[in-house]
Every structure is written in structure tokens, then in C-alpha cells.
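Worksheet for the structure shown next.
Order of the sequence lines fixes the chain letters, A, B, ..., with proteins taken first and strands second; residue numbering starts at 1 for each chain.
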There are 2 protein chains.
Amino acid sequence: MIKRRKNPVEMIHTEPNLCSTDLRLHILHGVPFFASLEHTKIEEINQQIHEKGFKPGDYLYFAGDPADSLFIIAEGRVKLLRHTTAGKDVMLDLLIPGEFFGGLSTSSSSTYLETAQALTSVCALSISREGFRTILNQHPAVGIQVLDLVAARLEAAHDTIHQLSAQTAEQRIAATLLMLAAKLGEPHEVGLLIQTPLSRDELAEMTATTPETASRVISQFQRDGWIATGRKWIALIRLEELLQTAEMKV
Amino acid sequence: MIKRRKNPVEMIHTEPNLCSTDLRLHILHGVPFFASLEHTKIEEINQQIHEKGFKPGDYLYFAGDPADSLFIIAEGRVKLLRHTTAGKDVMLDLLIPGEFFGGLSTSSSSTYLETAQALTSVCALSISREGFRTILNQHPAVGIQVLDLVAARLEAAHDTIHQLSAQTAEQRIAATLLMLAAKLGEPHEVGLLIQTPLSRDELAEMTATTPETASRVISQFQRDGWIATGRKWIALIRLEELLQTAEMKV
DNA sequence: GCAATTATCTGATCCATATCATGGACTGAA
DNA sequence: TTCAGTCCATGATATGGATCAGATAATTGC
């Protein structure tokens with residue numbers, strides 16, 4: 001019987017409301033769509049940026065709130081959720097430092113459609129929609145890079161629609177683990193560790209399954225030796241087998 | 001027993017390769033992201049545009065083809081498909097005149113991820129990716145409008161993910177009929193006619209169901225008096241009941 | 001006008017996963 | 001160290017929809 005290990009996921013320790021100026025500038029420089037800007041431009045942008053800290057479980061905003069700000073994660077992890085009227089949550093994205101979310105809603109939709117919730121301690125930077133629009137007008141190269149990133153998200157959403165339409169729960173879970181490892185994976189003695197807290201509930205939210213189904217599949221993957229896992233953590237060991245499962249013909 | 005009617009959907013008669021210059025300029029003026037450009041600019045853009053005609057069933061391009069052009073539909077209807085290895089098609093979008101598709105793939109994906117297929121006779125305009133990028137660089141307002149349109153598509157894709165994750169086949173079909181009526185609906189004596197050829201197979205492709213399930217649900221909606229339907233056509237009669245079905249708690 | 005083909009409808013059966021329930025293990029606070 | 005709360009694992013049962021099959025109706029081509 002495989003003995004469960006202590007949770008190897010590092011809990012990110014950010015004091016709420018403690019984003020240093022150095023961290024902000026470091027993050028802003030690292031944001032892909034500002035990469036084409038000069039240092040002085042980024043410092044100008046920094047003047048328009050607000051910052052806020054959140055504890056795990058805190059909500060950055062709710063669906064239905066006025067969509068007046070764009071957010072960028074400086075530290076921590078955030079999930080974007082849509083709620084059903086039956087109370088079931090669907091996780092649309094798990095975001096990491098440097099990623100933006102929130103105020104891209106078009107003018108025809110003046111409220112947030114998703115809810116943003118902190119998975120860990122989070123420091124988030126925000127800029128008003130007007131401020132962001134001004135940057136887009138003044139710097140076409142920024143607009144093109146944002147367009148490329150949103151187009152890439154649209155392709156990823158189409159991947160998900162494809163999976164949900166034609167794949168089994170096991171295939172979707174295998175594919176999701178591989179996607180998370182590509183995004184958040186860190187080599188660790190237990191395997192390629194997905195470096196974020198990840199409960200069976202959250203995995204179910206991402207794969208259109210229930211916690212019970214996620215638990216059955218994850219347990220089977222562990223018995224097969226493909227992953228190592230415990231409470232709120234998963235590390236991949238046999239990526240090749242997971243890849244074959246994800247791509248298997250139905 | 002409800003007697004089936006002759007197909008009220010008008011078959012669009014476009015001679016392949018016969019987009020008049022008038023039609024081209026009319027369409028280019030109507031494209032939302034060119035709305036901010038002056039007439040002389042649009043005529044300049046018209047110089048870079050190629051046109052091509054397609055018969056129903058023809059493929060504009062296949063998944064895996066080099067992604068070198070952006071397309072705009074001048075006339076007709078096009079569907080975007082992703083194929084599974086098991087041969088099941090998933091329809092991601094049904095596009096109408098004025099809508100663009102194709103060459104927004106980011107540089108990390110140099111081939112088309114979807115297949116584009118003509119549902120009717122189609123006249124399509126195309127411009128190279130380089131040409132389109134030049135327009136974006138020269139006209140920031142165009143880039144911002146394209147960004148808004150792609151962001152709106154991302155929201156629609158998230159809607160679909162939400163539906164696929166948490167709704168029944170009947171709810172998804174009701175929601176899809178309403179979406180199609182909002183996009184393509186024309187008042188007709190049979191009801192609000194979805195003005196495109198639409199078989200049970202195609203409806204199944206859009207709703208992650210099978211043609212048999214689509215047929216059962218559509219027959220039930222007709223028996224309930226909510227729609228009128230026949231071979232390859234559907235008209236909505238009781239939109240309120242369909243809306244309630246789509247939003248019903250699971 | 002008729003035959004062939006295509007599209008739709010309906011029935012029977014099967015299955016993947018949800019639902020409901022229970023027990024065990026781990027974590028954190030007192 | 002203990003206990004309450006949370007998370008996970010597993011079993012039994014129910015169900016929505018897929019699969020397979022056959023019949024009927026509409027359309028198209030000769």
C-alpha cells in the first residue's frame with residue numbers, strides 16, 4: 001500500500017497588502033504584453049497600478065460585479081469560476097504570476113461573468129479599464145500581444161470544448177494533469193510536482209466530473225504507478241502513459 | 001400529427017468565384033473592426049484582399065494546413081470543426097457574412113487547429129497574416145476592436161464549457177436553438193426561422209450529443225408546440241419555454 | 001414517375017458516471 | 001494529546017444518453 005506523504009506543495013507566504021515596489025516592477029517587466037515597452041513607459045504604467053493582497057479562499061471579485069478593472073497576478077494562484085444555478089462550480093482557468101484576467105469584457109457586458117478566487121495567498125495588481133484602454137491606444141504593439149494571448153486562450157477553450165464533447169472522464173483528467181504539469185510543474189523527488197494546492201473537488205471542477213469520480217481515477221493512476229498523490233497535491237511520474245490515456249481513441 | 005413542411009430555409013445562390021467588387025466593398029465596410037477606417041483606407045485594404053468561391057460541402061481549409069490567411073465571409077455560411085481521433089466532429093462555430101476566422105493563430109501554432117467547411121455556397125475574402133498584422137500595426141483602433149471581438153468569442157466559449165459541464169442534453173439543445181435564432185433568426189410564417197441548413201447531425205455536433213438524441217429532443221419540442229421543424233430546418237415558436245428549459249436548475 | 005439515397009424517428013439495450021452513503025485518514029486548533 | 005472538521009476512498013444503486021437496429025418519410029437523380 002502506498003503511504004501518503006506530507007504535502008510537498010510549497011504554501012506561498014505573502015503578507016496581504018505587501019507587494020514591494022521591486023516585486024511590482026519585476027512582475028510588470030515580466031508581463032508578455034509589456035515586453036515591447038521601454039523601462040520609462042513601464043514606470044509610467046506603474047503609477048496607474050493599484051495592488052491588493054488576498055488570503056486563501058478570498059474572492060477578488062464576483063460574477064455580476066461591475067467590470068471596471070483588469071487584474072495581473074504578482075504572486076500566488078487564482079481560479080476563475082462560473083457558477084451554475086444548481087450550485088455546481090466550473091473552473092475555467094487556474095492563473096499564475098504574470099497572467100491577466102478581469103476587465104477584457106466588451107462594452108456589451110459591463111459586469112464580470114466569472115468569479116475570481118484566491119487559491120493561495122495572492123498579491124494582485126489592478127488597473128482600470130480606461131487606463132488599460134489608453135495604454136492599448138498609445139502602444140499598438142501591446143494591443144497585438146494582448147490579442148495573441150487572448151487568441152491563445154480561445155484555442156485552449158476550444159481544446160476544452162473538444163475534450164468535454166468527446167472524451168471520457170479518465171481521458172479528461174489525464175489531459176488536465178498534463179496541462180497543469182506543463183504550466184506549474186516543478187521537478188521534485190516525488191515526480192513532476194504540480195506546484196499548487198489541488199483538491200479532488202478542484203480537479204472535478206476543471207474536468208466536468210464529481211469529486212468521487214476524480215478520486216477513483218486518481219487512485220487508479222496511483223495504483224498504476226503513473227502519479228504520486230496525497231491530500232491536495234499531485235505529482236506526475238509516468239507522463240507517457242498519461243499522454244497515451246489522454247489521446248486514446250474512444 | 002404535425003405535417004412536415006417543405007424546407008423554408010432559402011438556399012443561398014452564389015456562383016463560385018463571383019463576388020462583385022461592390023459586394024466586397026459592402027462587406028468590408030460592414031466588418032466591425034474596419035468601422036473606424038476611412039473609405040480610402042478600406043479601398044487600400046481591398047487591394048490586398050483575395051476572394052474565392054466554394055460549393056456546399058467544400059472545405060476552405062483543413063486542420064493542420066499552414067495558417068497563413070485570415071478569412072472573412074462575404075456570403076454564405078461556414079462551420080468550424082475539430083475532429084476527434086475517433087472520427088466524431090465537434091462544431092465550434094457557425095459563421096455568417098462579416099465574420100472573420102482563420103489566421104489569428106499565435107506564432108506558437110503555425111497551422112490551423114480547426115477545419116473550415118462551407119454549409120452553403122460561400123464567397124470568402126482572404127488576406128495574408130502579414131497583411132493583417134500590418135493593418136493592426138498601422139491602425140490601433142482596428143486592433144482594439146479585433147481584441148474585443150476575440151474576447152467576446154472567448155466568453156461565448158466559456159458559456160459552452162459551462163453548458164457542457166453542468167447541463168443536460170435537452171438544456172444544451174434549447175440553449176443552442178436560442179443562440180442560433182439570435183444570430184440567424186428571421187421572422188417567417190412558420191415562426192422565427194433559423195436561416196441556415198441545419199441537420200440533426202449538425203445540431204448534434206454543436207451540442208455534444210448524437211443525432212438520435214438530437215432527434216428525440218427536437219421531436220419532443222415539436223410535439224410540445226415549441227418549434228416547427230422538418231428536414232434540415234428549424235423554426236422557433238415558443239421562445240419563452242425554450243429559455244426556461246435552458247435555464248432550468250439541474 | 002419511380003427507384004435509390006438520405007435524413008429522421010423510434011425502440012431496446014448497455015454503460016459511463018452521477019448520486020447517495022459510509023468509513024477512514026489527515027490536519028489544525030484547543 | 002485529543003478532538004472536531006475536512007478531505008479522500010470505496011461501495012451500491014440510479015440514470016441520462018450512447019449504441020445498435022430497424023422502419024418510415026422526404027429528396028434527388030434517372
Side-chain angles (χ1 to χ4, degrees), chain A residues 1-9 11 55-57 84 86-90 119 163-174 197-205 207-224 227-234 245 248-250, chain B residues 1-9 11 56-57 84 86-90 119 163-174 197-205 207-223 227-234 245 248-250:
Chain A
M1 194 250 276
I2 298 164
K3 186 155 149 283
R4 290 170 94 178
R5 297 166 175 269
K6 187 173 182 249
N7 193 334
V9 169
M11 296 307 295
K55 295 192 294 299
T84 69
K88 182 177 179 183
D89 288 347
V90 175
L119 280 170
Q163 286 172 6
L164 290 173
S165 298
Q167 285 189 323
T168 64
E170 188 187 35
Q171 289 178 303
R172 300 200 299 278
I173 289 173
L198 182 61
S199 67
R200 301 302 180 255
D201 214 16
E202 280 151 356
L203 187 59
E205 285 171 1
T207 56
T209 60
T210 60
E212 294 93 331
T213 297
S215 181
R216 295 186 216 278
V217 170
I218 288 296
S219 291
Q220 187 58 54
F221 285 168
Q222 174 160 267
R223 283 197 289 278
D224 291 339
I227 65 168
T229 185
R231 224 179 194 213
K232 285 198 169 190
W233 68 269
I234 300 174
T245 293
M248 193 179 298
K249 277 188 184 183
V250 182
Chain B
M1 194 250 275
I2 299 161
K3 183 152 150 284
R4 290 169 95 182
R5 297 167 176 269
K6 188 170 179 253
N7 192 335
V9 169
M11 296 308 296
T84 69
K88 181 176 181 183
D89 288 349
V90 175
L119 280 169
Q163 286 173 5
L164 289 174
S165 299
Q167 286 189 324
T168 64
E170 186 187 36
Q171 288 177 304
R172 299 199 301 274
I173 290 173
L198 183 62
S199 67
R200 301 300 179 254
D201 216 14
E202 280 152 354
L203 187 58
E205 286 171 0
T207 56
T209 59
T210 59
E212 293 93 332
T213 299
S215 180
R216 293 187 218 280
V217 170
I218 290 296
S219 292
Q220 186 57 55
F221 285 168
Q222 174 159 266
R223 283 198 288 282
I227 66 168
T229 186
R231 226 179 195 213
K232 286 196 172 193
W233 67 269
I234 301 175
T245 292
M248 192 178 298
K249 276 188 182 181
V250 181

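Taking OG1 from A/T213 and CD1 from A/I218, the interatomic distance works out to 11.5 Å, rounded to the nearest 0.5 Å. How far OG1 of A/T229 is from CZ of A/R231: 12.0 Å, rounded to the nearest 0.5 Å.
A/A228 approaches A/W233 most closely through the heavy-atom pair O-CZ3, 3.4 Å. Scanning all heavy atoms of the two residues, the minimum distance from A/G230 to A/R200 falls at O-NH2, 3.5 Å. In plain terms, the two heavy atoms of B/E205 and B/D89 that are nearest each other are CG-O, 3.7 Å. In terms of heavy-atom proximity, A/A204 sits nearest to A/P211 at CB-N, 3.6 Å. Closest approach of B/P56 and B/L119 over heavy atoms only: CB-O, 3.9 Å.
The nearest whole Å value for the distance from the CZ atom in B/R223 to the P atom in C/dT8 is 16 Å. Computed from coordinates, the A/N7 CG to C/dT27 P distance equals 8 Å when rounded to whole Å. Atom CD in B/E212 sits about 12 Å away from atom C1' in D/dG22, given to the nearest Å. Here D/dC7 presents its P atom at 15 Å from CG of A/L203, a figure rounded to the nearest Å. Following rounding to the nearest Å, A/K232 (NZ) and D/dT6 (P) show an atom-to-atom distance of 11 Å. Taking atom CD of residue B/Q222 and atom C1' of nucleotide D/dA25, one finds them 13 Å apart after rounding to whole Å. Rounded to whole Å, the distance from CH2 on A/W233 to P on D/dT6 is 23 Å. Straight-line distance from the CG atom of A/D201 to the C1' atom of C/dT19: 15 Å, rounded to whole Å.
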Atom pairs under 3.5 Å, N or O on each side, protein against nucleotides 1-3 of chain D: can you list them with distances?
none

Return the polar atom pairs (N/O with N/O) between nucleotides 12-15 of chain D and the protein under 3.5 Å, or none.
unit_1 : atom_1 : unit_2 : atom_2 : d
D/dA12 : N6     : A/R216 : NH2    : 3.4

Could you go through nucleotides 14-17 of chain C and list every protein N or O atom that sits under 3.5 Å from one of its N or O atoms, giving the distance for each pair?
unit_1 : atom_1 : unit_2 : atom_2 : d
C/dT17 : OP1    : A/A169 : N      : 2.4

Taking only nitrogen or oxygen atoms into account, show me every contact under 3.5 Å that the protein makes with nucleotides 1-3 of chain C, one pair per line with its distance.
none

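B/S219 comes within 4.0 angstrom of the backbone, heavy atoms only, and of no base. When heavy atoms are screened at a 4.0 angstrom cut-off, B/S215 is found touching base atoms of the nucleic acid.
Axis angle, first five pairs versus last five pairs of the helix from C/dG1-D/dC30 to C/dA30-D/dT1: 40°, rounded to 10°.
For the pair B/R172/B/L164, a side-chain contact is recorded, criterion being any heavy-atom separation below 4.5 Å from C-beta on. B/R216 has its side chain out of reach of B/T210: every pair of non-hydrogen atoms, C-beta onward, lies at least 4.5 Å apart. At least one side-chain heavy atom of A/L203 sits less than 4.5 Å from a side-chain heavy atom of A/I234.
Checked by distance alone, A/R231 brings a side-chain donor or acceptor within 3.5 Å of a matching partner on the base of C/dC26.
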Would you please test B/T207 and B/Q167 for side chain to side chain contact (heavy atoms under 4.5 Å, CB included) and show each step? CA-CA 10 Å; B/T207 56; B/Q167 286 189 324; over 6 Å; no

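The side chain to side chain contact (heavy atoms under 4.5 Å, CB included) test applied to B/S219 returns B/S215, B/R223, not counting sequence neighbours. With sequence neighbours excluded, the residues satisfying side chain to side chain donor-acceptor pair (under 3.5 Å) with A/D224 are A/Q220. Applying the salt bridge (Lys or Arg N to Asp or Glu O under 4.0 Å) criterion to A/E202, with sequence neighbours excluded, gives A/K79. When the side chain to side chain contact (heavy atoms under 4.5 Å, CB included) test is applied to B/A174, the partners found at least two apart in sequence or on another chain are B/F221, B/L242, B/T245, B/A246.
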